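Scroll down for the structure; my scribbles are underneath it.
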Amino acid sequence: MNRGFLHTVVIVGLLLVISGCSNFQKLLKSDDVDKKYKAALEYHQKEDYYRANQLLEQVSPLLTGSEQAEQAKFYLADTYYELGDYLLADFHFRSFYQTYPRSPLAEQAMYNQALSLYNQSPSFEQDQTATITAIEALQEFLVRYPNTDRQAEANELIEELLVKLDRKAFDNAHLYYKLRYWKSAVVAFDNFQKEHASSPYSEEAAYLKVDAQYRFALESIPSKQEERFQQAVEYYQSFIDQYPDSKFTRNALQVYENTLAELEKVKKINQAQANS
């Protein structure tokens, strides 16, 4: 391609960009609300959410009470969502469906508000308050719109967030295990199993509870060992009953055999002391 032609194309492109910027700046300074509103919708349609947002921020308060107010408020919230500002998107979508609960856009607004919260949910290592809030918002959406076409997607998002909560709870319990606080680990894993019975981490929690109880018994004073080793045996039997084909079966069996061996030693010692 001719270099002169390419140079001309670049120059023309730059002029168009400069011209577009100049027109946009004029729009921002204009007092013509209707013109600004129409331009904002055009920018939104072109997916130029930044410019649409700038104009809608200006005109939305000025359209209160007009026919355009409802749509302007919705699109303002949408621009924040598309720009990744989920905090403001959450605020504006919630404000929309509270202001216009019977609007044809209310369902979409409520769902997008829940999505804004979903997008604020942090990784499982961090505090999960935002995750819980997102779950509650999605559940509230499903209650309000039980026949929504978004039901399957909303349930998938809820499940994803619940797994994140499971992982957080499991890691909290596992921390006691890693720190060798065996008694606390047993209690934490037991609570996890009760509160997260259907969790994908429940199986591992059940195995680690067996191992933690064995280690707890091993480090206990002699007078408490028999009772605590016996508890480890019961935890193992419960584990095997619940997860007969577990990937942790081999390790659990080793812990069980070690427990039986230690239990036999303790019983002999206790018997000898009783006979002496």
Side-chain angles (χ1 to χ4, degrees), residues 121-136 138-139 155-276:
S121 172
S123 60
F124 72 87
E125 299 94 343
Q126 300 177 48
D127 179 79
Q128 293 300 306
T129 301
T131 302
I132 295 170
T133 304
I135 290 171
E136 290 172 348
L138 286 162
Q139 290 173 333
N155 280 320
E156 285 179 10
L157 295 178
I158 290 171
E159 184 60 31
E160 180 185 332
L161 295 172
L162 287 173
V163 169
K164 190 183 291 187
L165 292 183
D166 283 349
R167 179 64 187 274
K168 177 69 173 178
F170 175 78
D171 275 24
N172 287 343
H174 196 232
L175 180 60
Y176 289 115
Y177 182 86
K178 289 191 289 187
L179 293 173
R180 303 173 67 86
Y181 297 158
W182 306 123
K183 182 178 180 180
S184 296
V186 170
V187 172
F189 285 130
D190 191 57
N191 288 336
F192 179 85
Q193 286 182 280
K194 291 174 182 175
E195 296 168 11
H196 304 267
S198 60
S199 166
Y201 304 104
S202 188
E203 180 182 333
E204 186 173 1
Y207 157 66
L208 289 174
K209 184 172 74 171
V210 176
D211 190 55
Q213 180 64 31
Y214 163 72
R215 294 172 188 272
F216 175 49
L218 200 62
E219 296 180 7
S220 296
I221 59 175
S223 62
K224 296 287 187 180
Q225 283 188 312
E226 183 174 351
E227 175 189 350
R228 290 171 181 174
F229 279 125
Q230 188 59 51
Q231 186 68 68
V233 170
E234 292 174 13
Y235 286 156
Y236 169 78
Q237 291 170 339
S238 177
F239 168 76
I240 290 298
D241 288 343
Q242 192 169 3
Y243 304 105
D245 301 314
S246 173
K247 62 182 178 181
F248 301 106
T249 297
R250 181 178 295 180
N251 291 338
L253 179 59
Q254 184 62 60
V255 174
Y256 174 65
E257 291 174 348
N258 292 342
T259 301
L260 291 180
E262 293 295 334
L263 187 58
E264 187 63 28
K265 291 179 188 176
V266 171
K267 284 182 177 180
K268 286 181 179 178
I269 293 171
N270 289 345
Q271 186 63 46
Q273 290 176 343
N275 294 333
S276 61

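Note that the coordinates shown come from a computational prediction; the quantities given were computed from them, not determined experimentally. Only heavy atoms go into these numbers, but all of them, side chains included; no hydrogens, no water, no symmetry mates.
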When Ser220 is tested against each of Arg215, Arg228, Gln225 for side-chain hydrogen bond (donor to acceptor under 3.5 Å, both in side chains), which residue passes? Arg228
Report the C-alpha distance between Lys209 and Gln213 in whole Å, list the side-chain angles of each, state the deciding distance to 0.1 Å, and finish with yes or no for side chain to side chain contact (heavy atoms under 4.5 Å, CB included). CA-CA 6 Å; Lys209 184 172 74 171; Gln213 180 64 31; 5.5 Å; no
Residue pair Ser246 / Glu203, side-chain donor-acceptor N/O under 3.5 Å: yes
Checking Phe170 against Leu208 for the side chain to side chain contact (heavy atoms under 4.5 Å, CB included) test, could you report, in this order, the C-alpha distance in whole Å, the side-chain angles of both residues, the deciding distance, and whether it holds? CA-CA 11 Å; Phe170 175 78; Leu208 289 174; 4.0 Å; yes
Hey, what do you get for OG (Ser202) to NZ (Lys194), rounding to the nearest 0.5 Å? 12.5 Å
If every non-hydrogen atom of Ala232 is compared with every non-hydrogen atom of Tyr214, which pair is closest and at what distance? CB-N, 4.0 Å
Calculate, to the nearest 0.5 Å, the distance between atoms CD and CG belonging to Gln230 and Leu260 respectively. 8.5 Å
Distance col, row Phe229:CZ vs Leu218:CG, nearest 0.5 angstrom, shows 4.5 Å
Looking at CD1 of Ile135 and CD1 of Ile158, how far apart are the two atoms once the value is rounded to the nearest 0.5 Å? 7.5 Å
Would Asn258 and Gln254 count as having a side-chain donor-acceptor pair, cut-off 3.5 Å? yes
Salt bridge present between Glu264 and Lys267 (N-O < 4.0 angstrom): no
Would you say Ser123 and Gln126 are linked by a side-chain donor-acceptor pair, where the criterion is simply a distance under 3.5 Å? yes
CG on Asn270 to CG on Leu263, rounded to 0.5 Å: 9.5 Å
Looking at Gln139, I want to see if its CD is surrounded by more than 12 non-hydrogen atoms of other residues, nucleotides or ligands under 6.0 Å. yes
Mind checking whether Phe239 and Tyr207 have parallel, tilted or perpendicular rings, split at 30° and 60°? tilted
So, taking the atom named CG in Asp190 and the one named OH in Tyr235, what distance separates them when rounded to the nearest 0.5 Å? 5.5 Å
Closest approach of Lys168 to Phe124 (non-hydrogen atoms, all atoms of both residues): CD-O, 2.9 Å
Could you pull out all donor-acceptor pairs under 3.5 Å where a side-chain atom in residues 174-189 meets a protein atom, sequence neighbours excluded?
{"residue": "Tyr177", "atom": "OH", "partner": "Asp211", "partner atom": "OD2", "Å": "2.3"}
{"residue": "Trp182", "atom": "NE1", "partner": "Glu219", "partner atom": "OE1", "Å": "3.3"}
{"residue": "Trp182", "atom": "NE1", "partner": "Glu219", "partner atom": "OE2", "Å": "3.2"}

N/O donor-acceptor pairs under 3.5 Å from side chains in residues 159-166, not counting sequence neighbours:
{"residue": "Glu160", "atom": "OE1", "partner": "Tyr118", "partner atom": "OH", "Å": "3.0"}
{"residue": "Glu160", "atom": "OE2", "partner": "Tyr118", "partner atom": "OH", "Å": "2.7"}
{"residue": "Lys164", "atom": "NZ", "partner": "Ser121", "partner atom": "OG", "Å": "2.9"}
{"residue": "Lys164", "atom": "NZ", "partner": "Pro122", "partner atom": "O", "Å": "2.9"}
{"residue": "Asp166", "atom": "OD1", "partner": "His196", "partner atom": "ND1", "Å": "2.6"}
{"residue": "Asp166", "atom": "OD2", "partner": "Ser199", "partner atom": "OG", "Å": "3.3"}

Between Thr249 and Tyr243, does any side-chain donor sit less than 3.5 Å from a side-chain acceptor? no
With side chain to side chain contact (heavy atoms under 4.5 Å, CB included) as the criterion, how do Tyr236 and Val255 come out once you've worked through the C-alpha distance, each side chain's angles and the decisive distance to 0.1 Å? CA-CA 9 Å; Tyr236 169 78; Val255 174; over 6 Å; no
